[in-house]
Amino acid sequence: MITLANRLNTVEEYYFSSKLREVRQLAAEGNPVINMGIGSPDLSPAQDVIDAMIDAMKDENAHQYQSYQGLPELRSGIADFYHNNYGVALNPMTEILPLMGSKEGIMHISLAFLNEGDHVLIPNPGYPTYTSVTNLVGAVPVYYDLKETSNWEPDFDALEQLDLSKVKIMWIGYPHMPTGARGSLSLFEKLIAFAKKHSILLVNDNPYSFVLNDNPMSLLQVEGAKEVAMELNSLSKTFNMAGWRVGTVLGSAACIDAVLKVKSNMDSGMFFGIQKGAIAALKSDKSWFDGMNAIYKRRRVLTEQLAEKLNCKVYKEGVGLFVWAKLPEGITSSEAFIDKILHEKYIFITPGTIFGSNGEGYVRFALCVKEEKVQEAIDRF
Ligand SMILES: Cc1ncc(COP(=O)(O)O)c(C=O)c1O
């Protein structure tokens with residue numbers, strides 16, 4: 001009998017990895033499943049992005065290992081994107097590292113900065129990977145509450161009450177997933193001040209700022225942010241490239257260097273064609289965002305109707321790729337609620353509980369379903 005590493009006792013298979021098996025099984029049995037669970041954009045990247053990838057295949061260097069730091073042209077494309085969209089200046093040589101999706105960055109940052117036993121501040125509710133990665137590296141998750149009554153923003157008095165002596169990293173993400181809370185520059189300023197006061201590395205996970213959001217923000221807009229902060233960004237949702245696996249991490253040269261030390265020991269560069277496609281995507285103009293958001297807006301209107309048909313109360317201020325909604329009065333279990341809908345109506349929505357205990361009583365609908373399918377879901381009730 002080969003024994004497993006102890007660290008595997010600290011994590012479970014990712015919720016979607018197991019739940020989607022159940023959803024697929026229902027579909028394989030011939031049921032008309034509508035999947036509003038996972039936030040995987042169903043729309044295509046722009047044609048010039050696809051063309052750039054195809055053209056790249058003919059380049060004689062296309063099939064070799066690529067630079068650990070990504071093509072210089074990709075890094076300067078990311079720098080231009082940050083400058084044009086967020087007004088943030090980054091040195092493409094030292095302050096930007098392309099990633100194969102921002103998800104891997106959560107692991108690389110954790111491996112670069114955490115020792116066993118270090119504490120990590122994690123939003124509740126929040127993206128489940130912060131917890132699993134923290135556990136995998138032997139650090140300790142310490143949850144901080146986000147509540148609807150505080151517009152899903154942290155309560156700084158409550159944060160100050162915590163024992164922060166062992167806290168090394170704090171994860172945040174605005175626009176927030178799963179709720180869609182926007183955050184604000186003043187919130188970012190307070191968070192940077194908090195991080196500086198307690199010598200905490202503050203990391204903003206920022207994949208949703210261009211979806212249904214008229215005011216994209218970066219944590220790095222705050223004066224002096226790079227002294228204590230890093231940011232993850234992603235092309236997955238912004239450019240419909242989730243399966244391509246392209247993201248980036250931004251921060252001071254010293255922080256990026258630390259992450260590169262980990263990452264360069266794990267992979268051997270990103271496929272050339274994907275980098276070329278990403279470079280083209282990053283050059284997209286306003287018409288790309290307007291076109292994408294017009295579609296998401298129509299879907300959001302219908303999805304809100306669906307949520308309301310289920311007597312859920314929609315968090316209307318939300319931005320990003322999801323509709324977040326509160327269960328009807330008297331219904332207490334998000335998982336029981338979504339299971340009933342899955343098995344009776346064949347519609348899969350995500351229970352708020354997978355994002356933490358403060359997600360109990362809420363559900364999340366992804367806007368990755370075509371309008372006619374959302375209409376069909378409405379018609380099933
Ligand atoms: C909050 C959050 N962070 C990170 C990711 C990972 O995105 P990527 O595709 O860039 O790895 C997701 C994906 O759903 C997400 O919701």
Side-chain angles (χ1 to χ4, degrees), residues 14-17 19-20 35-43 45 70 74 78 81 96-110 120-134 146 152 169-183 202-213 216-219 230-250 259 263 266-267 270-271 274-275 277-278 281-282 296 318-324 349-352 354-356 358-359 362 364-369:
Y14 196 56
Y15 174 82
F16 281 120
S17 167
K19 193 71 181 179
L20 289 177
N35 186 346
M36 308 183 88
I38 200 160
S40 179
D42 58 313
L43 301 167
L74 175 56
I78 295 168
F81 184 81
I96 294 173
L97 181 63
L99 300 172
M100 294 177 210
S102 55
K103 189 173 184 180
E104 71 156 6
I106 299 170
M107 176 58 94
H108 296 326
I109 292 169
S110 300
V120 179
L121 287 173
I122 294 176
N124 173 13
Y127 187 46
T129 303
Y130 311 138
T131 297
S132 48
V133 165
T134 299
L146 301 180
W152 308 104
I169 291 180
M170 177 177 191
W171 292 101
I172 60 165
Y174 289 96
H176 180 246
M177 199 293 297
T179 65
R182 293 158 196 255
L202 181 68
V203 191
N204 188 37
D205 185 11
N206 191 13
Y208 295 106
S209 52
F210 296 92
V211 182
L212 293 181
N213 182 21
M217 277 186 313
S218 161
L219 178 63
M230 300 184 88
E231 184 157 279
L232 290 168
N233 213 316
S234 170
L235 278 67
S236 294
K237 330 281 170 165
T238 306
F239 298 109
N240 301 329
M241 293 166 72
W244 290 50
R245 312 307 303 131
V246 201
T248 181
V249 57
L250 307 315
V259 175
K263 182 169 158 61
M266 293 205 154
D267 66 66
M270 191 191 303
F271 179 55
I274 290 178
Q275 296 193 65
L282 290 162
Y296 283 137
V319 297
L321 201 57
F322 305 99
V323 168
W324 179 246
I349 49 188
T350 306
I354 73 160
F355 307 107
N358 289 336
Y362 294 86
R364 191 196 77 170
F365 302 76
L367 299 178
C368 302
V369 178

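First listed ligand is number 1; within each ligand, the first listed atom is number 1. No experiment lies behind these values; they were computed from the predicted model shown.
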- Determine, using ring centers only, whether Trp152 and Phe355 are less than 6.0 Å apart. no
Which of Leu282, Asn233, Ile274, Ile78 passes side-chain contact (heavy atoms from CB on, under 4.5 Å) with Val246? It is Ile274
Interatomic distance, OH@Tyr296 vs SG@Cys368, rounded to 0.5 Å, equals 5.0 Å
Sorted by chain and residue number, the residues having a heavy atom closer than 4.0 Å to an atom of ligand 1 are Gly101, Ser102, Lys103, Tyr127, Met177, Asp205, Pro207, Tyr208, Ser234, Ser236, Lys237, Arg245
Interatomic distance, CD1@Ile96 vs CZ@Phe81, rounded to 0.5 Å, equals 11.5 Å
Heavy atoms of Ser218 and Asn206 approach each other most closely as CA-ND2, 4.1 Å
By ring-ring contact (aromatic ring centres under 6.0 Å, His included), Trp171 pairs with (sequence neighbours left out) Tyr130
